[in-house]
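Following: one structure in structure tokens, then a few remarks.
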There are 2 protein chains.
Amino acid sequence: MVKFKTLERKRFSDEVAEQIKQHIINKQLKPGEKLASERELALEFGVSRPVIREALKILEYVGFLEVIPGSTGGSVVRKANPQLVSGTMEVMFQLGTLEIKELLEARRIVEKETARFAAIRATTEDLARIEQTISYMQININDPDVKTKFLEANDSFHTAVARAAKNQILLLNVNSLRQAVFNLIEKHNPGYKSINSALNYHQQIFEAIKARDGKAASTVMEEHLTSFENRLND
Amino acid sequence: MVKFKTLERKRFSDEVAEQIKQHIINKQLKPGEKLASERELALEFGVSRPVIREALKILEYVGFLEVIPGSTGGSVVRKANPQLVSGTMEVMFQLGTLEIKELLEARRIVEKETARFAAIRATTEDLARIEQTISYMQININDPDVKTKFLEANDSFHTAVARAAKNQILLLNVNSLRQAVFNLIEKHNPGYKSINSALNYHQQIFEAIKARDGKAASTVMEEHLTSFENRLND
DNA sequence: TGCATTTAAATGGCATTACCATTTAAACCA
DNA sequence: TGGTTTAAATGGTAATGCCATTTAAATGCA
């Protein structure tokens with residue numbers, strides 16, 4: 001039995017987006033280069049302007065292009081940006097479950113192992129970066145807007161640790177999971193106890209990483225996140 | 001000096017997309033639910049239909065929605081889909097921002113921890129499901145199309161183990177990473193040795209899970225995937 | 001000439017209208 | 001009753017027009 005490919009009629013906008021995307025991936029369109037105007041692209045592809053616009057908006061949203069208005073504006077190819085390209089991971093985590101428990105657990109698991117690798121691979125720059133997030137948290141502990149500062153520093157800390165692990169997927173995973181968690185508990189206002197606890201754990205984790213003690217780093221990270229989870233349950 | 005927030009005029013389509021996205025994240029819109037028609041949304045938001053369409057296309061592309069034509073069509077909130085994540089990883093790989101080494105490592109890390117939880121939480125149904133994938137592999141080991149059957153059984157095995165861990169996020173993660181790996185090494189044809197090695201490891205992992213030995217399950221899973229990585233390097 | 005001003009052109013952003021193809025359900029008829 | 005036809009709803013696409021912004025060219029003035 002011969003197998004034929006099912007013919008599927010795709011949307012014009014999807015095909016346009018796909019073609020432009022392929023050109024970018026194949027380096028036929030390089031970062032900084034500008035595409036033709038929407039009106040010209042419409043002529044080239046033989047479709048209407050709204051179709052072109054839908055395609056451009058898609059590619060802009062996922063990070064391939066930047067669409068600039070004005071006389072000399074247009075659609076410019078952006079530099080590769082893994083963070084933007086992979087908001088997809090975060091999207092999936094949001095759609096994946098109604099149970100925040102699962103999200104927290106997954107985060108704990110992934111991040112604890114990431115900390116282990118951070119201890120092994122952190123450069124001096126990584127160490128400095130991690131330490132700085134701790135200082136920042138300490139400095140602002142009496143700031144009137146301590147909550148915002150804390151959340152900032154917390155983000156930076158976990159990102160810095162994940163970055164030290166030298167694995168982009170782990171970094172993306174850690175960031176996406178954390179982001180997904182905080183999206184779901186936005187009402188949560190960290191109290192003085194939470195902040196102090198986090199600060200303390202962050203210091204311990206930093207020391208472990210600095211001492212190249214992967215086992216300790218992973219253990220303390222797990223404790224840190226477990227403690228965070230327990231605090232949420234109250 | 002008082003600091004004012006710079007007013008930025010965002011595009012309507014971006015704002016519409018953002019609002020819908022937030023509703024999905026807040027679970028005010030759940031997977032399976034259908035949005036109003038484009039014409040109705042245009043009225044609700046007070047903008048034109050093309051603006052709505054641009055927003056919907058963006059959200060569809062990144063995986064939040066599925067837009068279905070026809071009389072009873074519309075925009076439906078999607079379920080989580082590992083394929084979208086692995087697809088994104090593939091793009092990152094093609095753009096040169098991701099190395100396959102990182103992918104393999106991330107997979108090993110996530111899956112080893114997932115196996116640990118599987119050992120703790122697997123039900124008898126889970127055990128049966130896992131065992132069946134092993135039988136399937138054994139039965140077809142002399143099949144002329146053994147490679148295809150092997151890949152099938154391999155997928156089923158790792159999915160079954162992850163499913164036993166009772167965490168949808170981990171399941172999604174495991175499947176995304178495995179799919180991404182196999183997308184990027186498609187040319188790789190598993191030889192007799194690979195298949196036998198995998199079969200052997202799968203059996204050991206199953207025994208460990210059955211014995212509720214989380215430590216062993218995670219250790220053997222890690223060995224299994226390390227061995228797989230080493231085989232790829234040849 | 002040189003500088004400031006005005007003007008015109010190009011671009012993306014948006015609205016409106018209209019029509020098509022597909023799909024579904026209601027209305028109809030045998 | 002059951003198959004057929006019809007109508008309605010939806011997304012897909014096209015076409016046109018106008019607006020706001022930005023830039024460069026044209027203009028005017030000193």
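Proteins get letters first, then strands, A, B, ... in listed order; numbering begins at 1 in each.
- I68(B) comes within 4.0 angstrom of the backbone, heavy atoms only, and of no base.
- Using a cut-off of 4.0 Å between Lys/Arg side-chain N and Asp/Glu carboxylate O, E18(A) and K10(A) are scored as not salt-bridged.
- As a whole-Å value, the separation of R53(B) CZ from dA15(C) P is 15 Å.
- Straight-line distance from the CD atom of E15(A) to the P atom of dT13(D): 9 Å, rounded to whole Å.
- Taking atom CD1 of I52(A) as the reference point, atom C1' of dT11(C) lies 15 Å away to the nearest angstrom.
- Side chain of N140(B) to backbone of D143(B): no donor-acceptor contact under 3.5 angstrom is found.
- Closest to the K57(B) side chain, of the nucleotides dT22(D), dA14(D), dG12(D), is dG12(D).
- Here the C1' atom of nucleotide dT11(C) and the CD atom of E66(A) are 15 Å apart, to the nearest Å.
- Straight-line distance from the CD atom of E54(A) to the P atom of dG11(D): 12 Å, rounded to whole Å.
- Ring to ring, F182(B) and F228(B) are close: their centroids are under 6.0 angstrom apart.
- Within the 3.5 Å criterion, the main-chain N or O of G87(A) finds no donor-acceptor partner in the side chain of E90(A).
- Classification of the H202(A)-F157(A) ring pair by plane angle, with boundaries at 30° and 60°, yields parallel.
- Near DNA chain D, meaning a heavy atom under 4.0 Å from it, residues 31-51 of chain B has S37(B), E38(B), R39(B), R49(B) in order of number.
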In a table with atom names and distances, give each donor-acceptor pair under 3.5 Å that connects a side chain of residues 125-137 of chain A to protein atoms at least two apart or in another chain.
unit_1  : atom_1 : unit_2  : atom_2 : d
E125(A) : OE1    : T123(A) : OG1    : 3.2
D126(A) : OD1    : R129(A) : NH2    : 3.0
D126(A) : OD2    : T123(A) : N      : 3.0
D126(A) : OD2    : T123(A) : OG1    : 3.1
D126(A) : OD2    : K166(A) : NZ     : 2.8
T133(A) : OG1    : I130(A) : O      : 2.7
S135(A) : OG     : E131(A) : O      : 3.2
Y136(A) : OH     : E152(A) : OE1    : 3.0

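- In this structure, L59(B) places its CG atom 14 Å from P of dG11(D), rounding to the nearest Å.
- Residue whose closest nucleotide on DNA chain D sits further toward the 5' end, between P69(A) and G70(B): G70(B).
- In this structure, CZ of R11(A) is placed 14 Å from C1' of dT22(C), rounded to the nearest angstrom.
- Minimum atom distance to the side chain of S71(A) is reached by dA9(C), of the listed dA9(D), dG11(D), dA9(C).
- Under a 3.5 Å cut-off, the side chain of E102(B) and the backbone N or O of Q168(A) do form a donor-acceptor pair.
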